[in-house]
Number of protein chains: 2
Amino acid sequence: MADTTTRAPHAVLAVVLQVRDRRLEVLLDAGALPGAELAPGESLEACARRHVDARALAHLEQLETRTLPARRDARTRLVTAYLGLVPSDGAAAGDWHAVGDLPPLPAGHGEIVLAARARLRAKLSYTNVGFALAPETFAISELRDIYAAALGHDVSPTNLQRVLVRRGVLEPTGAHRGPGRAGGRPAALFRFSARKIEITDQFGFLRPPAL
Amino acid sequence: MADTTTRAPHAVLAVVLQVRDRRLEVLLDAGALPGAELAPGESLEACARRHVDARALAHLEQLETRTLPARRDARTRLVTAYLGLVPSDGAAAGDWHAVGDLPPLPAGHGEIVLAARARLRAKLSYTNVGFALAPETFAISELRDIYAAALGHDVSPTNLQRVLVRRGVLEPTGAHRGPGRAGGRPAALFRFSARKIEITDQFGFLRPPAL
DNA sequence: GCAAAAGTGTTGTGTCTACACCCATGT
DNA sequence: ACATGGGTGTAGACACAACACTTTTGC
């Protein structure tokens with residue numbers, strides 16, 4: 001439309017995260033978080049997907065909206081940040097950097113990445129978001145590596161399996177993976193029973209009375 | 001500034017909640033959520049406080065940003081919603097309505113109120129946000145009524161006290177409230193040990209190894 | 001003493017951690 | 001046989017729900 005230039009700038013940034021080689025990585029574009037100016041009539045979510053390989057995104061959610069100093073003029077500049085997740089076997093094209101070892105970023109981008117990681121860590125504990133980081137099917141040891149990289153601490157495969165199966169988050173496929181070069185028992189393959197986000201641990205306390 | 005009218009409209013709405021008479025209530029302004037257009041150079045949070053009695057707000061946090069249909073023209077209209085909380089003994093001036101018995105609201109406002117209530121309910125379980133709904137000091141039975149109204153289900157005073165004290169959220173003041181007309185044991189008065197939000201139940205599961 | 005309101009004791013249950021042990025495969 | 005990697009059994013810790021019981025007040 002002709003009034004495009006009369007709109008105050010509103011940008012959408014995406015923090016796209018992935019686990020590869022046991023590290024949590026974020027997608028950068030020209031040394032910054034990928035993003036775009038919101039076009040007239042465009043939804044925020046559509047804008048977030050615009051500069052990301054949308055097919056690879058298994059999950060996308062809004063993080064927060066901030067005012068950032070503008071790059072050129074001094075006017076208030078609004079930025080809405082999104083968190084996107086890509087499975088570890090997804091098309092990994094792009095400029096991925098380990099979170100926690102990032103190059104210098106534009107003002108504010110670093111904080112947004114940390115907010116995204118904090119959100120991911122919290123949601124791994126009480127939702128099934130893991131599906132968005134894991135391949136379609138996987139062995140528990142593979143899932144363990146993904147959780148450990150995302151959470152930043154070691155995870156016991158024993159308990160990971162039992163917790164997620166008890167909650168109904170994971171289900172066995174019946175298939176098995178062949179053992180590696182050095183032998184070892186074949187690993188059972190699992191899948192996430194749902195591939196969209198759900199809360200799996202609803203009540204921290206104060207649940208409603210049984211009757 | 002002279003360029004005010006050239007900015008695309010970005011509004012900030014506030015869902016201000018309060019418990020009064022054992023009901024969760026929301027503040028309305030002229031039949032809609034209170035809000036304002038963002039002024040140039042103004043922060044989102046300052047804008048949210050602008051049309052609310054800012055002294056009474058014990059807590060304010062951002063909810064989400066949406067695109068809503070504009071009221072007059074057909075352009076995309078961005079709205080950032082905030083959740084504000086007022087203690088039950090705060091200055092209650094304003095047009096308060098019971099959540100769940102609201103008059104017809106502008107498009108989208110109803111959903112935002114429900115999102116705010118859902119956020120409050122979740123955070124009551126794993127943070128100390130209760131401080132923002134409760135008076136400075138209170139008896140457990142009073143806190144019970146506040147939690148029950150906000151959560152929408154009955155709450156046991158026995159367990160509420162033990163859970164919150166064990167977590168270090170509540171602490172006894174040592175003072176007691178005189179008994180009512182019909183007698184009864186004097187109630188001990190408590191306070192929240194912190195008056196800003198903290199996470200009190202950090203790990204739902206998968207906590208880091210003990211050593 | 002009795003009713004009312006508040007607080008404590010105690011038991012049970014569910015969910016998680018930790019760790020020992022058992023199973024299936026390759027060499 | 002034995003090393004390697006995967007899975008199961010089980011005991012203990014912890015936090016919360018439920019409910020009975022005791023304490024402190026007014027009448």
Side-chain angles (χ1 to χ4, degrees), chain A residues 22 124-128 137-148 151 153-190 199-211, chain B residues 124-128 130 137-148 151 153-190 199-211:
Chain A
R22 303 193 178 192
L124 277 176
S125 289
Y126 68 92
T127 72
N128 64 345
T137 70
F138 46 83
I140 293 297
S141 61
E142 293 157 12
L143 190 64
R144 186 203 87 94
D145 289 341
I146 291 171
Y147 272 68
L151 291 171
H153 64 74
D154 199 18
V155 171
S156 150
T158 297
N159 295 328
L160 183 67
Q161 189 220 26
R162 274 198 281 228
V163 169
L164 295 182
V165 168
R166 174 157 23 85
R167 290 185 179 179
V169 173
L170 245 49
E171 58 189 25
T173 64
H176 288 258
R177 185 179 302 309
R181 58 238 161 269
R185 179 173 176 171
L189 294 180
F190 289 79
I199 293 177
T200 58
D201 185 27
Q202 192 148 18
F203 303 108
F205 83 122
L206 294 181
R207 59 195 81 173
L211 303 184
Chain B
L124 277 176
S125 289
Y126 68 92
T127 72
N128 63 345
T137 69
F138 45 83
I140 294 296
S141 61
E142 293 157 12
L143 191 64
R144 186 204 86 95
D145 289 341
I146 291 170
Y147 272 68
L151 291 170
H153 63 75
D154 200 17
V155 171
S156 149
T158 297
N159 296 328
L160 183 67
Q161 189 218 28
R162 273 198 280 229
V163 168
L164 294 182
V165 169
R166 174 159 21 87
R167 290 186 179 179
V169 172
L170 245 48
E171 59 189 26
T173 64
H176 288 259
R177 184 178 307 304
R181 58 240 161 268
R185 181 172 174 170
L189 294 180
F190 289 79
I199 293 177
T200 58
D201 185 27
Q202 191 148 20
F203 304 107
F205 85 123
L206 293 182
R207 60 195 80 173
L211 302 185

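Chain letters run A, B, ... following the sequence lines, proteins first, then strands; residues in each count from 1.
Here A:Arg162 contributes atom CZ and A:Arg167 contributes atom CZ; the two are 14.5 Å apart, rounded to the nearest 0.5 Å. Expressed to the nearest 0.5 Å, how far CD of A:Gln161 lies from OG of A:Ser141 amounts to 11.0 Å. In this structure, the separation between CG on A:Leu160 and CG on A:Leu143 is 5.0 Å, given to the nearest 0.5 Å.
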Write out a two-atom table: protein N or O, nucleotide N or O from nucleotides 13-17 of chain D, distance below 3.5 Å.
{"from": "D:dC16", "atom 1": "OP1", "to": "B:Arg167", "atom 2": "NE", "distance (Å)": "3.4"}
{"from": "D:dC16", "atom 1": "OP1", "to": "B:Arg167", "atom 2": "NH2", "distance (Å)": "2.6"}
{"from": "D:dC16", "atom 1": "OP2", "to": "B:Arg166", "atom 2": "NH1", "distance (Å)": "2.1"}
{"from": "D:dC16", "atom 1": "OP2", "to": "B:Arg166", "atom 2": "NH2", "distance (Å)": "3.2"}
{"from": "D:dA17", "atom 1": "OP1", "to": "A:Leu206", "atom 2": "N", "distance (Å)": "3.1"}
{"from": "D:dA17", "atom 1": "OP1", "to": "A:Arg207", "atom 2": "N", "distance (Å)": "3.4"}

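Among all heavy-atom pairs drawn from B:Pro179 and B:Gly184, the shortest one is CB-O, 3.1 Å. Taking every heavy atom of both residues into account, B:Phe190 and B:Thr173 meet most closely at C-CG2, 3.8 Å.
Sorted by first and then second residue, the side chain to side chain donor-acceptor pair (under 3.5 Å) pairs with a member in residues 174-184 of chain B read B:Glu142-B:Arg177; sequence neighbours excluded.
Rounded to an integer number of Å, the gap from CG of A:Asp145 to P of D:dG6 is 10 Å. Distance, A:His153 NE2 to C:dC16 P: 14 Å, rounded to whole Å. Atom CZ in A:Arg177 sits roughly 11 Å away from atom P in D:dG7 (whole-Å rounding). The interatomic distance linking B:Leu189 (CG) with C:dA5 (P) rounds to 17 Å, in whole Å. A:Gln161 has its CD atom 14 Å from the C1' atom of D:dG5, to the nearest Å.
Residue B:Ser156 is classed as having no contact, given no heavy-atom separation below 4.0 Å to the nucleic acid.
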Exercise for review: Show your reasoning for whether side-chain contact (heavy atoms from CB on, under 4.5 Å) applies to A:Leu170 and A:Phe138.
Suggested key: CA-CA 10 Å; A:Leu170 245 49; A:Phe138 46 83; 4.0 Å; yes
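Side-chain contact between B:His153 and B:Val155 is present, with at least one heavy-atom pair separated by less than 4.5 Å.
Near DNA chain C, defined here as any heavy-atom distance below 4.0 Å, the residues from residues 181-188 of chain A are A:Arg181, A:Gly183, A:Gly184, A:Arg185, A:Pro186, listed numerically.
Side-chain N/O atoms of B:Thr158 include none lying less than 4.0 angstrom from OP1 or OP2 on C:dG7.
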